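Everything below concerns the one structure shown next.
Start at 1 and go down the list; that is how both ligands and their atoms are numbered. Computed from a predicted model, the values in this text were never measured in an experiment.
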Amino acid sequence: MRILITGGAGFLGSHLCEFMLEQGHEVICMDNLVTGSLENIKGLFGKEKFLFTNQDVTNYIHISGKLDAVLHFASPASPVDYLKIPIPTLKVGSLGTHKTLGLAKEKKAIFMLASTSEVYGDPLINPQNESYWGNVNPVGPRGVYDEAKRFAEAMTSAYYRFHKVSVRIVRIFNTYGPRMRINDGRAVPNFVTQAINNKPITVYGKGSQTRSLCYVDDLVRGIYKLLLSRHTSPVNIGNPEELSLLELAGTIKELTLSKSKIVYRPLPVDDPQVRCPNIELAKKTLKWEPQVSLKEGLLKTIPYFRDALKKRSA
Ligand code: UDP
């Protein structure tokens with residue numbers, strides 16, 4: 001396949017580019033480097049089937065030649081990022097989804113939308129299955145991301161129904177692994193870098209809120225299975241191993257042999273109290289489930305952050 005991956009220089013995007021090349025596909029990686037980085041894809045330059053283009057997907061996109069799949073993964077994804085750049089976040093989810101869908105339609109390509117567990121907002125049911133409509137505050141600070149992704153799902157579904165574009169919608173739950181930005185503000189990069197430096201670990205609220213963390217390789221495998229399937233409605237991909245943020249802080253402290261103290265900071269506005277994917281649909285239709293436990297995944301991730309911190313201080 002010849003595949004366009006928007007946001008290809010980001011955390012997930014770069015892992016996807018690498019995986020698709022390993023499967024023998026040709027990859028066009030598009031990124032405007034707002035939250036992505038060339039460092040993430042430096043190992044891919046020079047590969048015959050890899051092309052990078054610096055472009056903002058909210059503008060008209062022209063790609064010459066055929067395309068078999070368009071994977072729309074461009075978007076800030078950390079709450080700290082989308083609070084800093086709310087309007088580009090809304091635009092990439094809305095205008096960017098429209099442009100990439102138009103491109104997929106023109107090229108008769110499969111379109112995949114990177115959606116999110118944030119479409120469930122602060123959920124009133126736990127775990128969340130795909131038929132749950134969610135509990136999102138449209139005018140709160142997180143609304144810029146949540147509503148852009150909800151709009152993106154609506155637009156993707158309309159292109160499926162009206163234009164017969166073959167679509168896939170993956171609802172991605174919290175994912176971690178190498179190449180997350182050390183300062184992206186999310187729990188895993190914050191806790192790991194704080195723990196490595198023996199600095200206080202900042203738990204927001206009481207730390208009783210839960211998340212379920214999926215290792216990036218598991219996620220990428222799930223995404224590929226979904227792409228190759230014929231499933232056109234949303235599918236949750238995530239690891240249902242749910243834990244509280246306080247437990248996560250403790251686990252990271254233990255694995256890094258850190259002397260850090262835990263300190264408590266205010267809970268951000270509209271921070272979801274619980275989050276856990278119901279993955280029965282992915283298990284049944286994609287024969288997919290995660291294989292990497294939290295401890296294994298963190299042990300693969302911590303060395304990356306140690307290196308990144310060394311590079312930063314060098
Ligand atoms: N969090 C925290 N300390 C931090 C960063 C995040 O306690 O230094 C909490 C945050 O309030 C949320 C959870 O960790 O409850 C996960 O936050 P993250 O930003 O990783 O992603 P989210 O799931 O909220 O999109």
In terms of residue, atom name and distance, what is the protein heavy atom nearest to [atom]?
atom: atom 3 (N) of ligand 1; value: Thr202 O, 2.6 Å
atom: atom 15 (O) of ligand 1; value: Asp271 OD1, 2.6 Å
atom: atom 14 (O) of ligand 1; value: Leu245 CD1, 3.1 Å
atom: atom 16 (C) of ligand 1; value: Arg211 NE, 3.6 Å
atom: atom 21 (O) of ligand 1; value: Asn174 ND2, 3.6 Å
atom: atom 25 (O) of ligand 1; value: Arg142 NH2, 3.2 Å

Enumerated ligand 1 atoms positioned under 4.0 Å from heavy atoms of [X]:
X: Gly185; value: 5 (C)
X: Val203; value: 7 (O)
X: Phe191; value: 2 (C), 3 (N), 4 (C), 7 (O), 8 (O)
X: Arg275; value: 22 (P), 23 (O), 25 (O)
X: Glu118; value: 25 (O)
X: Pro268; value: 11 (O)

Report task. For this output row, return yes or no: ring centroids of Phe111 and Tyr159 closer than 6.0 angstrom. Result ->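 Centroid separation for Phe111 and Tyr159: 6.0 Å or greater.
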Query raised in the report: Are side-chain N/O atoms of Gln128 and Asn126 paired as donor and acceptor at under 3.5 Å?
Result: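 Yes, a side-chain donor-acceptor pair sits under 3.5 Å.
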Query raised in the report: Any N/O of Arg186 closer than 3.5 Å to an N/O of ligand 1?
Result: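 Arg186 vs ligand 1: no N/O contact under 3.5 Å.
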Query raised in the report: Polar-atom distance check: Asn190 versus ligand 1, any N or O pair below 3.5 Å?
Result: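 Asn190 vs ligand 1: N/O contact under 3.5 Å present.
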Query raised in the report: For the hydrophobic clusters of this structure (ILVMFWY residues joined by side-chain heavy atoms under 4.5 Å, transitively), does one cluster hold both Trp288 and Leu12?
Result: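 Shared cluster, yes.
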Query raised in the report: Should Ser78 be listed as contacting ligand 1, given a heavy-atom distance under 4.0 Å as the test?
Result: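 Per 4.0 Å heavy-atom rule, Ser78 does not contact ligand 1.
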Query raised in the report: Which distance, rounded to the nearest 0.5 Å, do you find between the CZ of Phe173 and the CZ of Arg211?
Result: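 These two atoms lie 10.5 Å from each other.
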Salt bridge check: are [X] and [Y] linked by an N-O gap of less than 4.0 Å?
X: Glu39; Y: Lys42; answer: yes
X: Lys91; Y: Asp56; answer: no
X: Asp81; Y: Arg186; answer: no
X: Arg142; Y: Glu118; answer: yes

Enumerate donor-acceptor pairs with a distance under 3.5 Å from any side-chain N or O in residues 66-77 to protein atoms, sequence neighbours excluded.
| unit_1 | atom_1 | unit_2 | atom_2 | d |
| --- | --- | --- | --- | --- |
| Lys66 | NZ | Asp68 | OD2 | 3.0 |
| Asp68 | OD2 | Arg2 | N | 2.7 |
| His72 | ND1 | Thr6 | OG1 | 2.7 |
| His72 | NE2 | Val92 | O | 3.3 |
| His72 | NE2 | Thr97 | OG1 | 3.4 |

Query raised in the report: Among Ile169, Ile172, Leu286, Ile223, which one satisfies side chain to side chain contact (heavy atoms under 4.5 Å, CB included) with Val235?
Result: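 So, applying the side chain to side chain contact (heavy atoms under 4.5 Å, CB included) to Val235 and each of Ile169, Ile172, Leu286, Ile223, only Leu286 qualifies.
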**Report entry** ligand 1-proximal atoms of Ala187, by part, heavy-atom distance under 4.0 Å
**Finding:**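 Both the backbone and the side chain of Ala187 come within reach of ligand 1.
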Query raised in the report: So which bit of Val80 gets within less than 4.0 Å of ligand 1, heavy atoms only: side chain, backbone, both or neither?
Result: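 For Val80, no heavy atom sits under 4.0 Å from ligand 1.
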Query raised in the report: For atom 4 (C) of ligand 1, which candidate among Tyr264, Tyr82, Tyr204 provides the closest heavy atom?
Result: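 Looking at heavy atoms only, the winner is Tyr204.
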Query - From CA spacing to verdict: side-chain contact (heavy atoms from CB on, under 4.5 Å), Arg171, Ser117 - result: CA-CA 6 Å; Arg171 290 190 178 148; Ser117 55; 5.9 Å; no
